[in-house]
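The structure appears right after this line, and notes come after that.
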Amino acid sequence: MLRLALAFLLLLSLPAKAEEVVAGLSQNRVSITATFVGSEILIFGAVKRDSPPPEDDPLHVVVVVEGPSGPVTVRRKAKRYGIWVNTDAVVVDEAPSFYAVATSAPLREAISQIDDLRHHVTIPQAIRLVGEASETVNPRDFADAVVRIRADAGLYSVQEGAVELVEETLFNTRIALPANLTEGEYRTRIYLTRGGYVASQYETVIEVQKVGLERWVFNLAHEQPLVYGLLSLFIAIAAGWTASTAFRMLLRS
């Protein structure tokens, strides 16, 4: 009882947060259909304060949207006897399928390296490697290749200065979601920083799901692969027969 009383008194003595982020999204659910060409999420919010803001360190906002993670096998190709073949391979234990970082200032002004390590904000911090470096293979090179390939596909991005911050109170930014999204939960994090250190944070989730015919085909392929294969074969035969018949009719006319 004495320990509980001391803990309660300690909790009461802790100062309230001077600044707290309150945020929202334009939509928290994205539906992937046959005509899906991408989407754009508006992230907005305000800074709630119990006292006037400090004047020494400027306020910055960092927004992170992270897609589902999974292992990735990266292979290095080399030319042997005039043929390109796979030589080395490294398993990247965990890499997000989508990752976007938006800030209200240059990245290293918005968040320090210490808090970047603590909160895993930047893209390299979101990728986890398996394996050790050797004389011929450096796992970090393969992780960099994942970042480069997915950045070229529009899946990884760092947008410095993309967060509009008004009088250190209101903020907003837009995150573009490409058409080649992976289904799942997209973790969205918002950080308020002072002097590069996190003062407050907010987290929510964006649901990305296939709907309609796409959902039915996806479930069929995973739950009944034999039926899916037979149906695909039937559709291919029917499409070929229809095209052949139409071509013959055109020749006769």
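Excluded from the calculations below are hydrogen atoms, water molecules and symmetry mates; all remaining heavy atoms, backbone and side chain alike, are included.
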Is any side-chain heavy atom of [X] closer than 4.5 Å to a side-chain heavy atom of [Y]?
{"X": "N172", "Y": "V163", "result": "no"}
{"X": "P96", "Y": "Y156", "result": "yes"}
{"X": "V92", "Y": "I127", "result": "yes"}
{"X": "L25", "Y": "L42", "result": "no"}
{"X": "E164", "Y": "V61", "result": "no"}
{"X": "L59", "Y": "V47", "result": "yes"}
{"X": "V30", "Y": "I206", "result": "yes"}
{"X": "Y191", "Y": "V21", "result": "no"}

Looking at [X] and [Y], does any basic side-chain N land under 4.0 Å from a carboxylate oxygen?
{"X": "R189", "Y": "E203", "result": "no"}
{"X": "R194", "Y": "D57", "result": "no"}
{"X": "E19", "Y": "K48", "result": "no"}

(message) Looking only at the side chains, is there a donor atom on one of Q27 and S39 sitting less than 3.5 Å from an acceptor on the other?
(response)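 Note: Q27 and S39 side chains meet the donor-acceptor criterion.
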(message) We want to know whether Q159 and S157 form a side-chain donor-acceptor pair, criterion being a heavy-atom distance below 3.5 angstrom.
(response)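 On atom types as modelled, these side chains qualify, holding a pair under 3.5 Å.
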Can you measure from [atom1] ([X]) to [atom2] ([Y]) and round to the nearest 0.5 angstrom?
{"X": "I43", "Y": "I41", "atom1": "CD1", "atom2": "CD1", "answer": "7.5 Å"}
{"X": "S104", "Y": "E160", "atom1": "OG", "atom2": "CD", "answer": "10.5 Å"}
{"X": "F98", "Y": "R150", "atom1": "CZ", "atom2": "CZ", "answer": "12.0 Å"}
{"X": "R128", "Y": "E94", "atom1": "CZ", "atom2": "CD", "answer": "4.5 Å"}
{"X": "T188", "Y": "E185", "atom1": "OG1", "atom2": "CD", "answer": "10.5 Å"}

Which pair of non-hydrogen atoms, one from [X] and one from [Y], has the smallest distance, and what is that distance?
{"X": "A102", "Y": "T173", "result": "CB-OG1, 4.0 Å"}
{"X": "V72", "Y": "A95", "result": "CG2-CB, 4.1 Å"}
{"X": "L177", "Y": "L181", "result": "CB-CD1, 3.7 Å"}
{"X": "P68", "Y": "G184", "result": "CG-CA, 3.8 Å"}
{"X": "A23", "Y": "Y202", "result": "O-OH, 3.5 Å"}
{"X": "I175", "Y": "A100", "result": "CG2-CB, 3.9 Å"}

Connected via hydrophobic side-chain network under 4.5 Å: [X] and [Y]:
{"X": "V65", "Y": "L107", "result": "yes"}
{"X": "F44", "Y": "L192", "result": "no"}
{"X": "V62", "Y": "V158", "result": "yes"}

(message) Show, in sequence, the C-alpha distance, side-chain angles and deciding distance for Q201 and H119, and conclude whether the side-chain contact (heavy atoms from CB on, under 4.5 Å) test is met.
(response) CA-CA 10 Å; Q201 67 183 79; H119 297 279; 3.3 Å; yes
(request) Would you please name every residue forming a ring-ring contact (aromatic ring centres under 6.0 Å, His included) with Y99, sequence neighbours left out? (result)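 Per chain and number, Y99 pairs via ring-ring contact (aromatic ring centres under 6.0 Å, His included) with no residue.
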(message) For D116 and R108: C-alpha separation, side-chain torsions, deciding distance, then whether side-chain contact (heavy atoms from CB on, under 4.5 Å) applies.
(response) CA-CA 9 Å; D116 181 17; R108 280 305 165 210; 3.1 Å; yes
(request) Could you walk me through whether R49 and T169 pass the side-chain contact (heavy atoms from CB on, under 4.5 Å) test, one step at a time? (result) CA-CA 9 Å; R49 295 187 175 92; T169 301; 3.5 Å; yes
(request) Could you please spell out the steps behind the side-chain contact (heavy atoms from CB on, under 4.5 Å) verdict for H60 and T103? (result) CA-CA 7 Å; H60 295 304; T103 64; over 6 Å; no
